[in-house]
There are 2 protein chains.
Amino acid sequence: MFKLPNMSELLYYDLKDAAGVAPGLATQVCRELGRRIVAGHFAEGALIDDENKLCDRFGVSKSVVREAVKLLVGKGLLEVRRGSGTRVRRRASWNLLDDDVLAWHQGIEPRPDFLRQLMDVRQMVEPNAAGWAASSATDVQIDEIRNAQDAMERAVSIQEFVIADALFHRAILRASNNELLTAMEGVIFSALLSSIKITNDDPRDNRERSLPLHREILEAIEANDSDKASSAMCKHMADTYERLSNVLPGFRLKEAERG
Amino acid sequence: MFKLPNMSELLYYDLKDAAGVAPGLATQVCRELGRRIVAGHFAEGALIDDENKLCDRFGVSKSVVREAVKLLVGKGLLEVRRGSGTRVRRRASWNLLDDDVLAWHQGIEPRPDFLRQLMDVRQMVEPNAAGWAASSATDVQIDEIRNAQDAMERAVSIQEFVIADALFHRAILRASNNELLTAMEGVIFSALLSSIKITNDDPRDNRERSLPLHREILEAIEANDSDKASSAMCKHMADTYERLSNVLPGFRLKEAERG
DNA sequence: GCAACTTAAACATCTGATGTTTGCTTTGTC
DNA sequence: GACAAAGCAAACATCAGATGTTTAAGTTGC
């Protein structure tokens, strides 16, 4: 009845601690519709099937479909008008910061242009987060970062390494003690997972280059050195940019602004 | 039956172009519950009334309440468990970047601590946005910024000025041509509205100080000067910080990280 | 050619029944 | 008395079907 999400999307939900509880029918329908919309199966402004057709297609009752549609409306993907139908809104109206919307992007081939935007945001957010973490993190929060670093060092599989990497960056966001930054962890996950999917042709190289950069960030935060944490994170971001540029032809760093 | 939203919240929805269409019952119930949760009427993890009680209280049917609850679950405010009840999640799990959640914050007295976090994010985002806008904005996008500037100069009421101010910053976000930054306009609106609510004791002063700063940003973007746009925006942010610090005792700028 | 009316499509809401999960209570045994 | 299994009630999940409302489009009449 439902299409299964792919590995990246599952990994995304894992990282968001959103797994474990079996989602209801409404959530399943919502996700399946959401994946199709994000994948571009519908033109901007196109009408989707009406309630009855959707009921038939998914084999569920009207209430379930209605709830699913309401969820997608809440995420800005759909727009319902009584009398006419339910249509797909233009991409500029989507809540691109929503975790589900970002997760559904993991299900499709990453577009270089969107990945660059994600990386620009990382470049903007993470050095600040590292700096704030260095000046305001509690001991417990620093422990969390250190644990992630240890897990990266110990990781034996690619998947373990990716998860530890993600947890490292999440721990820094949380240690920044800014609720809004914490709420952006989904964006960082999305950029990170997409980057890895593209650059892991030589995972060993990835790992050898990453580890010392992460260590440097951790040490700066441990030392309460805000500036150094910030610049170490900048270095890490620049490294990621460089690796993406090597692999991805359409990926271009807007050097002008970043000098 | 329903509590009416206050002026700031209405203004927020106006800016988000979310007005005009009469929301359905489910949306109304969702907003009212959302306001109460954000306002802190429920302890973390507290059970809210069950479906039947909510039906009675709001005078609507089960389906409506169910949809409203599903919406709040989607925003991370609620968590439902079959058998037990529906409970309020801890604040760290809320989607604080969601436009509705931010709008509901407008309904309550702004907490200095949260306002500082909002301003830290503005300080992080807007200089970058201005820089990218300077290097990549189209003529149409620059026109939009200029129109907002003109509207600020011409504004005769405080409300007109606030709206034009918000549109100015939104136009810059959009001109940055980064979909994720565009999706953050709600955060900027929220910070801006809260700031104004606090610092508009002397609105004339506000206006006289703001206008030249905005003009400087506009001119830099018109001149395609990325660095100047960035630093002009920094100056504007610093000014806002300073005015907030003067009025708000609990508001403190973390100077250490920003040098 | 245009305005007023009609109608069908599609969403909005309500009602009430039935299934399922969970947590608590009760009961029975050792 | 302790503990485990069975039973029960609360609360959400889903379904089915009826009725109301809004919108868009077609139709008629002048």
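Per chain, numbering begins at 1; letters A, B, ... match sequence-line order.
If you take CG of L78(A) and P of dA12(C), they are 12 Å apart, rounded to a whole angstrom. Distance CZ (R87(B)) to P (dT22(C)): 13 Å, rounded to an integer number of Å.
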Between the protein and nucleotides 14-17 of chain C, are there any N/O to N/O pairs under 3.5 Å, and if so, what are the atom names and distances?
| residue | atom | partner | partner atom | Å |
| --- | --- | --- | --- | --- |
| dC14(C) | OP2 | S61(B) | N | 3.0 |
| dC14(C) | OP2 | S61(B) | OG | 2.9 |
| dA17(C) | N6 | K62(B) | NZ | 2.9 |

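With sequence neighbours excluded, no residue forms a ring pair (Phe, Tyr, Trp, His ring centres under 6.0 Å) with F189(A).
Sorted by first and then second residue, the ring-ring contact (aromatic ring centres under 6.0 Å, His included) pairs involving residues 71-120 of chain A (not counting sequence neighbours) are H105(A)-F114(A). The salt bridge (charged side-chain N to carboxylate O under 4.0 Å, His left out) analysis of residues 80-97 of chain A, with sequence neighbours excluded, yields the pairs R91(A)-E179(B).
Using a 4.0 Å cut-off between charged nitrogen and carboxylate oxygen, K70(A) and E67(B) count as a salt-bridge pair. The residues D56(B) and K53(B) are annotated as not salt-bridged, no charged nitrogen and carboxylate oxygen being separated by less than 4.0 angstrom. Note on R35(B) versus E9(B): salt bridge recorded, some NZ/NE/NH1/NH2 to OD/OE distance being below 4.0 Å. Using a cut-off of 4.0 Å between Lys/Arg side-chain N and Asp/Glu carboxylate O, R146(A) and D150(A) are scored as not salt-bridged.
For the 3.5 Å distance criterion, the side chains of Q28(B) and E32(B) fail to qualify, holding no donor opposite an acceptor.
A donor-acceptor pair is defined here as one N or O able to donate and one able to accept, closer than 3.5 Å; no such pair exists between the side chain of S190(A) and the backbone of G186(A).
In this structure, R81(A) and E67(A) both approach DNA chain D, and ranking their closest nucleotides by distance from the 5' end singles out E67(A).
Taking NZ from K197(A) and CG from L193(A), the interatomic distance works out to 7.5 Å, rounded to the nearest 0.5 Å.
For DNA chain C, the residues of residues 43-51 of chain A within the heavy-atom distance limit of 4.0 Å (strictly under) are D50(A), E51(A), sorted by number.
Chain A approaches DNA chain D within less than 4.0 angstrom (heavy atoms of the protein), and the contacting nucleotides run 5' to 3' from dT14(D) to dA24(D).
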